[in-house]
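A short write-up of the structure that comes next.
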2 protein chains.
Amino acid sequence: MTCEGNFTKKLSERGYRVTPQRREILHILLHADAHLTPAEIFEEAHKKLPNLTEPTVYRTLEFLAEIGLAQEAYSEKSKSAYEISGYAHHHLICRKCAKEVEIPHVKVEGLCQNLEDETGFKLMQNHLSFFGICPDCQEN
Amino acid sequence: MTCEGNFTKKLSERGYRVTPQRREILHILLHADAHLTPAEIFEEAHKKLPNLTEPTVYRTLEFLAEIGLAQEAYSEKSKSAYEISGYAHHHLICRKCAKEVEIPHVKVEGLCQNLEDETGFKLMQNHLSFFGICPDCQEN
DNA sequence: GTCCTTATTGCAAAAAATTGCAATAAGGAT
DNA sequence: ATCCTTATTGCAATTTTTTGCAATAAGGAC
Ligand SMILES: [Mn+2]
Ligand SMILES: [Mn+2]
Ligand SMILES: [Zn+2]
Ligand SMILES: [Zn+2]
């Protein structure tokens, strides 16, 4: 089974169609070691699928995020980027050098629980970006 | 003194120029009771400044955010929006009906302190968006 | 395998956001 | 008040993202 098999299975199980475009984009997301922009994903996927178009990439990413297989990353200046929905985590980002540190969700869980209790909202898997200045940049 | 006086003063103090465009955009942000998109701000500011152009609005908002007088709001699908930098707060947003609940920063302060202690990052005033499903939408 | 339904895609066009650069005007010096 | 420097703006062009719609092809029924 291909590496994106688990994800395409979820697609069909939930009544969505498994297309080469979705397969390829999932494949790329699965092998990414960072957040990818739609442009990066298009460039990569286009090698395998020469007829692929940008609107399809944008729509596919939005769709995958909607159904929870991918998630959007909020970096500075609301440039969008995506990653596969794996383990829950968040990010600490340096405003000067853009260095990122990953924060396991467990660190944020308590706060989420409090917010749920106080507001009645049911939180979904969030993917937060905290901005600050990293230790290195604080010195200079 | 006009209502945006405090903010324009900060501009000159820090060596930035006070222009009618910046003045007007600050004025609009100060009187907004919600996050405003660049388009909304342009439309409003354009009434007073007929020569104003979109690039100036985008650049001004980015600039104000950079120097801390405004802040960007991350809503769904990374549509950008801005508000004046006033009291620190965050948002809880319903993914179904888009209803927003404001969260005072004090609720998040403990977590921020922990993150600072553990990572050595110095956090800046963040403006977080937590997504979830509101009580009303949970019923339906 | 063939047919059918309709979700998904590609294409063309529109809208939103960004960029380069020359013209303008803010603010300091005289 | 006038001049000077250069930060800031407007304009034109480009790039990115979104949208509408007709063509395509995925998946189910036979
Ligand atoms: Mn991430
Ligand atoms: Mn806000
Ligand atoms: Zn840094
Ligand atoms: Zn709701």
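These numbers come from a predicted model, not from an experiment.
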Pairwise side-chain contact, [X] with [Y], heavy-atom cut-off 4.5 Å (strictly under):
X	Y	answer
A:L11	A:L69	yes
A:Y87	A:E102	yes
A:S129	A:H90	no
A:Y82	A:L64	no

On the ring face of B:F63, is B:R22 found with NZ or CZ under 6.0 Å from the centre and within 45° of the axis?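 Here B:R22 passes the 6.0 Å and 45° test against B:F63.
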Lys/Arg cation over aromatic B:F7: B:R23, 6.0 Å, 45° cone: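 No, a cation-pi geometry is absent between B:R23 and B:F7.
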The side chain of [X] is closest to which nucleotide in this list: [options]?
X	options	value
A:R59	C:dT9, D:dG27, D:dT9	C:dT9
A:T56	C:dT18, D:dT18, C:dT9	C:dT9
A:Q21	D:dG10, C:dT9, D:dA26	C:dT9
A:P55	C:dG10, D:dT19, D:dT9	D:dT19

[X] [atom1] to [N] [atom2], straight-line distance once rounded to whole Å:
X	N	atom1	atom2	answer
A:E13	D:dG28	CD	C1'	17 Å
A:L52	C:dC11	CG	P	10 Å
A:Y16	D:dG27	OH	C1'	16 Å
A:E24	C:dT9	CD	P	13 Å
A:N51	C:dT9	CG	C1'	10 Å
B:F42	D:dG10	CZ	C1'	11 Å
B:Y82	C:dA17	OH	C1'	11 Å
B:L11	D:dT9	CG	P	10 Å

Please state whether the phosphate of C:dT9, meaning OP1 or OP2, lies under 4.0 angstrom from any side-chain nitrogen or oxygen of A:T19.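 It does, given that an N or O in the side chain of A:T19 lies less than 4.0 Å from OP1 or OP2 of C:dT9.
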Between A:R17 and C:dT6, is there a contact of a side-chain N or O with OP1 or OP2 at under 4.0 Å?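 No, outside the criterion.
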Quick check: on DNA chain C, is the nucleotide nearest B:S12 upstream (toward 5') of the one nearest A:T53, or the reverse? Name the residue that is more 5'.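 So the residue in question is A:T53.
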Touch check for A:P50, heavy atoms < 4.0 angstrom, all strands: base, sugar-phosphate only, or nothing?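 If one applies the 4.0 Å heavy-atom cut-off, A:P50 turns out to touch nothing in the nucleic acid.
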Does any residue of residues 28-41 of chain B have a heavy atom under 4.0 Å from DNA chain C, and if so, which ones, in number order?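 None, since no heavy atom is under 4.0 Å.
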Verdict with reasoning, A:K96 to A:D136, per salt bridge (charged side-chain N to carboxylate O under 4.0 Å, His left out): CA-CA 10 Å; A:K96 277 198 181 166; A:D136 290 349; over 6 Å; no
